[in-house]
Amino acid sequence: MTQPRAFGLNLPDYPWNSLAPYRERAAEHPDGTVDLSIGTPVDPTPLVIQDALATAADAPGYPTTHGTPALREAIVDWYARRRDVANLDPAAVMPTVGSKELVAWLPLLLGLGPGDVVARPTVAYPTYDIGAQLAGAEAVAADDLDDLDPEVRSRVRMVWVNSPGNPTGIVRDAESLKKIVDQARAQGAVVVSDECYAELGWGAWDVAEGGEPVPSVLDERVTGGDLSLVLSAYSLSKQSNLAGYRAAFLAGDPALMPSLINSRKHAGMIVPYPVQEAMRVALADDAHVASQKALYRERRAKLLPAVEAFGLRIDHSEAGLYLWGTAGEDTWETVGRFAELGIVVGPGTFYGDAGNGYVRLSMTASDERIDAAVARLREAV
């Protein structure tokens, strides 16, 4: 009798599971664990958004995959007001069930398959690789298509850009984004920019402190006014504490959007109507975003010098919710030293081979836990 083929997808183990022994070690600290690893928001969802969700709670009918016209107008208005992207067509935007499912399924929904290559940053969110695998395509690490072997480059059909980057906090300026878009267009590849930390720039990228706004891949300086083969992905998880709502959206090339919408209709990838209404209200309210960013700015100002005093060199980290640092040793040795202090950090090896030797520290813990981490780090020094 022929042995039946196993059921299930042959995907790597979920990387965060390997942190379990370090979490156990950290939990032994007498003052409890300070979790600076995954980066889930801990501050309250703003009441204006909670109220919008509650008001829309009576929703007996099916929602629309494409999003309500009011939500799509709110997305267009937000791009114009906050990202300097004018004249975006409301038909060329669509809500998604958070941004992670979009990252995971977009190569498949774009029709990629065996023989195709998805390029992603050298240090990158691991779901970019998973998305390529789900489509049967090949993922390669490259920050510039010129770095690829010509044969591999000829097969690139999709390029992921992540600016500001997770975990590194790297910001690509408009000139850098334009180079990537020009390279991809020259061979008919689509560029998708994951921009979910764009409101969280620091220093030269902190508008409230006199800096520049983080540019979008849809910016006219990047596209020349032509949105063909360019898509921008955004999430409200970080700027509005909506990770639990699964609230995100995609915008860009009007020629690509109809097929994506149609495929998502068939697959039932629909954002619930109450969440769509919550998104609409959140996108129209800049005040809560500024307030939340101020909290993160204060936490960063405390954590950064304490981590440096502990012996880490912080690289990049000019935007986003993380500090990306190295102590010049093996990643897991650094993770273990933090765990001895009751602090859980993210291993850099989760983000590709180029992340070896690094750790990622999140600023999404409460003020009390950030203060505890700072005190422990300074005491250790």
Side-chain angles (χ1 to χ4, degrees), residues 3-26 35-40 96-143 147-149 152 155-162 165-168 170 192 194 196-197 233 235 237 243 246 248 267 269 320-322 324 326 330-336 338-339 344-362:
Q3 185 70 23
R5 182 164 53 90
F7 291 103
L9 298 175
N10 185 26
L11 297 177
D13 288 338
Y14 193 60
W16 292 100
N17 294 341
S18 61
L19 264 183
Y22 298 92
R23 292 189 183 281
E24 292 174 3
R25 190 186 311 175
D35 193 344
L36 306 181
S37 61
I38 291 180
T40 185
T96 63
V97 190
S99 58
K100 185 169 186 175
E101 66 89 348
L102 175 72
V103 171
W105 295 110
L106 191 55
L108 179 66
L109 296 181
L110 286 172
L112 273 64
D116 294 329
V117 167
V118 176
R120 52 84 167 166
T122 52
V123 181
Y125 185 49
T127 309
Y128 301 136
D129 287 351
I130 296 298
Q133 186 173 344
L134 289 171
E138 175 187 355
V140 299
D143 295 317
D147 296 336
L148 293 175
D149 175 87
V152 174
R155 295 187 288 114
V156 172
R157 291 198 66 208
M158 179 178 178
V159 180
W160 276 111
V161 175
N162 184 204
N166 172 19
T168 61
I170 291 174
V192 189
D194 180 351
C196 70
Y197 297 94
S235 166
S237 294
R246 311 312 301 133
M269 295 177 174
L321 290 178
Y322 312 107
W324 179 244
T326 178
D330 178 78
T331 285
W332 291 100
E333 184 173 346
T334 308
V335 172
F338 273 98
V344 184
V345 299
T349 50
F350 287 2
Y351 304 95
D353 293 341
N356 189 30
Y358 284 83
V359 293
R360 191 193 77 173
L361 295 93
S362 170

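Quick caveat: nothing in here was measured; it's all calculated off a predicted structure.
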Ala124 and Pro121: which non-hydrogen atoms are nearest, and at how many Å?
CB-O, 3.4 Å

Between Glu101 and Arg246, is a salt bridge (charged side-chain N to carboxylate O under 4.0 Å, His left out) present by the stated rule, with each step listed?
CA-CA 9 Å; Glu101 66 89 348; Arg246 311 312 301 133; over 6 Å; no

Trp332/Ser18 under side chain to side chain contact (heavy atoms under 4.5 Å, CB included): CA gap, chis, key distance, verdict:
CA-CA 11 Å; Trp332 291 100; Ser18 61; 3.7 Å; yes

Drop me the distance from Asn162's CG to Arg120's CZ, to the nearest 0.5 angstrom.
11.0 Å

Does Trp160 reach the side chain of Val118, with side-chain heavy atoms less than 4.5 Å apart?
yes

Within the 4.5 Å heavy-atom criterion, are Phe338 and Leu36 side-chain neighbours or not?
no

Check: Thr331 and Thr326 side chains under 4.5 Å, non-hydrogen atoms:
no

Closest contact, heavy atoms only, Gly111 versus Asp116
O-OD2, 4.4 Å

For Asn10, is there any backbone N or O sitting under 3.5 Å from a side-chain donor or acceptor partner on Gln133?
yes

Do Val123 and Pro167 make a side-chain contact, defined as non-hydrogen atoms from C-beta onward lying under 4.5 Å apart?
yes

To the closest 0.5 Å, what do you measure between CG (Asp35) and OG1 (Thr40)?
9.5 Å

For the student: nearest non-hydrogen atoms of Ser237 and Ala243, plus distance:
OG-CA, 3.3 Å

For the atom pair OG (Ser99) and OH (Tyr125), what is the distance rounded to the nearest 0.5 Å?
6.0 Å

Ring centroid separation for Tyr322 and Tyr197, is it under 6.0 angstrom?
yes

Nearest heavy-atom contact between Gly98 and Ala248 is C-CB, 3.4 Å

If you apply the rule side chain to side chain contact (heavy atoms under 4.5 Å, CB included), what do you find for Asn166 with Tyr351, and how did you get there?
CA-CA 9 Å; Asn166 172 19; Tyr351 304 95; 4.2 Å; yes

I'd like to know whether Phe350 forms a side chain to side chain contact (heavy atoms under 4.5 Å, CB included) with Arg360, so could you lay out the CA-CA distance, the side-chain angles of the two residues, the decisive distance to 0.1 Å, and finally the verdict.
CA-CA 10 Å; Phe350 287 2; Arg360 191 193 77 173; over 6 Å; no

Determine whether Val103 and Tyr128 satisfy the following criterion, side chain to side chain contact (heavy atoms under 4.5 Å, CB included), listing intermediate values before the conclusion.
CA-CA 6 Å; Val103 171; Tyr128 301 136; 3.4 Å; yes

For residues Pro107 and Met158, report the shortest heavy-atom separation together with the two atoms involved.
CG-SD, 3.8 Å

For Asn356 and Asp353, indicate whether the former's side chain and the latter's backbone hold a donor-acceptor pair under 3.5 Å.
no

Are Met269 and Trp105 close enough that some pair of their side-chain heavy atoms sits under 4.5 Å apart?
yes

Is there a side-chain contact between Leu19 and Val335 in this structure, where contact means two heavy atoms from C-beta onward sitting under 4.5 Å apart?
yes

Flag the pair Ile130 / Pro12 as yes when at least one side-chain heavy-atom distance between them is below 4.5 Å, and no otherwise.
yes

Are there more than 12 heavy atoms of other residues, nucleotides or ligands under 6.0 Å from atom CG of Asn17?
yes

One should read off an interatomic distance between Leu112 CG and Arg157 CZ, to the nearest 0.5 angstrom, of 5.0 Å

Just verifying a value: how many Å separate Ile170 CD1 and Thr122 OG1, rounded to the nearest 0.5 Å?
7.0 Å

Spacing of Leu134 atom CG and Leu109 atom CG [to the nearest 0.5 Å]:
10.5 Å

Atom CG of Asp149 with >12 non-hydrogen neighbours under 6.0 angstrom:
yes

